[in-house]
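Below, chain A is the first sequence line, B the second, and so on; all start at residue 1.
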Number of protein chains: 2
Amino acid sequence: MPRAGLDPAVITAAAAGLADEVGPANVTMGLVAERLGVRAPSLYKHIAGQADLNRRIAVLVVTEMGDALRDALQGRAGRDALEAAARTLRAYVVEHPGRYASTLPLNPEGPDDPVAVAGGRVLDSLAAVLSGYDIDPADTVHAMRLLRSLFHGFAAIEAAGGFEMDTDVDRSFDWMIDFIDRGLRK
Amino acid sequence: MPRAGLDPAVITAAAAGLADEVGPANVTMGLVAERLGVRAPSLYKHIAGQADLNRRIAVLVVTEMGDALRDALQGRAGRDALEAAARTLRAYVVEHPGRYASTLPLNPEGPDDPVAVAGGRVLDSLAAVLSGYDIDPADTVHAMRLLRSLFHGFAAIEAAGGFEMDTDVDRSFDWMIDFIDRGLRK
DNA sequence: AGCTAAAAGCTAATAGAATTAGCCACATCT
DNA sequence: AGATGTGGCTAATTCTATTAGCTTTTAGCT
């Protein structure tokens, strides 16, 4: 039995991929193992269990989002940056609905939690977007939470198929970006 | 063995209550049965299985939200209505985080799906809120989606403990209501 | 009141998933 | 070559969902 070259990152990537393909609820240890050409118990040599695996997926997701955001925001400011950030996050969720959904039940355990650390980078990008507007420093936290809530809510509902097809979701998305931009401009 | 007087509604209520108490992931058939003074297999005389139970919880949640919203909006309009709606939904999620979370993975199967029907009543209430503003009819759908996304996103993040404690979440909530109100006023 | 039949519980059995224990081969380092 | 630790495997355990089949209650009818 030749070695399979597993490590936590490889397993996490496989599980995240499966979540996108078959839905988070159907990602079983056995399925992940099969995808990697290995038996289920072997996974435990690298990860502590299902809870650990989910936490790692969450870190992966938030890290990927942070990277995508940083790339997308290069050289942009103001409304341009807002739009780029919104589109980037939405695209990520639409392309990876499963892994995104599997991070939902997770709350960081503290400031040192890797999920919180990776999340911090996403927040930094959102802060960068807001820096392009003239916002009272005391209100920045609120504006940040507004963006987070809106982006997350929209993405979650869209990924779950919650919007009726009748009216174009793209159009609503553009309308929302406009709405926020105008509001932040005051 | 006297009869326990079970029916789908009683089982659904028990499961929803447990979801709030122990978290959706820990709601097991056995636990629900125990709470009702019955053995697990007996539940299957009334519900089809776990998936069915979750769908029923979703209907319960959306129905309860719709009722609460309708009550809260009685005799209110404009900013007053917006604020009442937002507070009502937020309060519901904070009080029932478990049952709310267990409805997240659910997408209505079609217009006849009871989840969609109950959801329609919530949307009607949101439409009523928007009717207090002077919005181009062509934009109403977009504004509705904005409200849905924002309320859902904020509630989901707060329920999951996603906001840092440092800055008062209540204050951010009020700020967001103001932001939306000003934007809708155009 | 007594009969019948459907409904509602129960116990026992099945099946699937996570996790643990314990064994053995491979790979690495000298 | 040989010692050693890591990574994989099989077997066993536990927990949960679900199904099968039996028994009692209860509602409806005469």
Side-chain angles (χ1 to χ4, degrees), chain A residues 1-60 98-99 101-106 109 115, chain B residues 1-60 98-99 101-106 109 115:
Chain A
M1 30 194 126
R3 302 250 165 134
L6 297 187
D7 68 40
V10 170
I11 296 174
T12 304
L18 279 173
D20 291 334
E21 292 172 34
V22 303
N26 300 315
V27 176
T28 182
M29 291 291 156
L31 191 58
V32 174
E34 185 187 345
R35 164 70 53 108
L36 293 167
V38 127
R39 298 312 183 98
S42 306
L43 301 177
Y44 291 80
K45 293 284 168 149
H46 305 278
I47 61 173
Q50 215 164 31
D52 179 39
L53 181 54
N54 277 325
R55 224 169 301 118
R56 287 172 190 276
I57 292 176
V59 174
L60 174 69
R99 76 233 265 156
S102 55
T103 72
L104 288 186
L106 290 172
E109 297 288 331
V115 177
Chain B
M1 27 190 133
R3 300 241 168 140
L6 297 186
D7 68 41
V10 170
I11 296 174
T12 304
L18 280 173
D20 291 334
E21 292 171 35
V22 302
N26 300 315
V27 176
T28 181
M29 290 291 155
L31 191 58
V32 174
E34 185 187 346
R35 165 70 52 107
L36 293 166
V38 127
R39 298 311 184 98
S42 305
L43 301 176
Y44 290 80
K45 293 287 168 151
H46 304 279
I47 59 174
Q50 215 163 31
D52 179 39
L53 182 55
N54 276 324
R55 223 170 300 120
R56 287 173 190 276
I57 292 176
V59 174
L60 174 69
R99 74 231 267 157
S102 55
T103 73
L104 288 186
L106 289 171
E109 296 289 328
V115 177

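- As rounded to whole Å, 15 Å separates atom C1' of C/dG9 from atom CG of B/Asp7.
- For B/Asp20 against B/Gly98, the heavy-atom pair with the smallest separation is OD1-N, 3.0 Å.
- Rounded to an integer number of Å, the gap from CG of A/Asp52 to P of C/dA18 is 14 Å.
- Rounded to whole angstrom, the span from the CD atom of B/Glu34 across to the C1' atom of D/dC15 amounts to 15 Å.
- Residue-to-nucleotide proximity on DNA chain C shows that, of A/Gly30 and A/Lys45, the 5′-proximal contact is made by A/Gly30.
- What separates OH of A/Tyr44 from P of D/dT10 is a distance of 16 Å, to the nearest Å.
- Listed by chain and number, the residues in a side-chain contact (heavy atoms from CB on, under 4.5 Å) with B/Asp7 are B/Ala9, B/Val10 (sequence neighbours excluded).
- Residues B/Pro8 and B/Ile47 come closest through the heavy atom pair CA-CG2, 4.4 Å.
- Contact check, B/Ser42 against C/dC10: a side-chain N or O comes under 4.0 Å of OP1 or OP2.
- Counting heavy atoms of neighbouring residues, nucleotides and ligands inside a 6.0 Å radius, atom CD of B/Glu21 exceeds 12 of them.
- Using a 4.5 Å heavy-atom cutoff, the side chains of A/Val59 and A/Thr12 are not in contact.
- Looking only at side-chain heavy atoms (C-beta outward), A/Leu60 and A/Arg56 stay at 4.5 Å or farther from each other.
- Nearest-nucleotide assignment on DNA chain D puts the 5′-proximal partner with B/Ala48, out of B/Arg3 and B/Ala48.
- Residue B/His46 has a polar side-chain atom (N or O) positioned under 4.0 Å from OP1 or OP2 of C/dG9.
- Atom pair A/Leu43:CG and D/dC9:P shows a separation of 9 Å (rounding to whole Å applied).
- Residue B/Arg39 contributes atom CZ, which lies 17 Å from atom P of D/dT24 at whole-angstrom precision.
- To the nearest angstrom, P of D/dC15 lies 14 Å from CG of B/Leu31.
- Every residue was checked against the salt bridge (Lys or Arg N to Asp or Glu O under 4.0 Å) condition with A/Glu109, not counting sequence neighbours, and none meets it.
- Rounded to whole Å, the distance from CD on A/Gln50 to C1' on D/dT16 is 13 Å.
- Two end axes, each from the C1' atoms of five base pairs, can be drawn for the helix from C/dA1-D/dT30 to C/dT30-D/dA1; they diverge by 20°, to 10 degrees.
- Considering only side-chain N and O atoms, A/Thr28 lies under 4.0 angstrom from the phosphate OP1 or OP2 of C/dA18.
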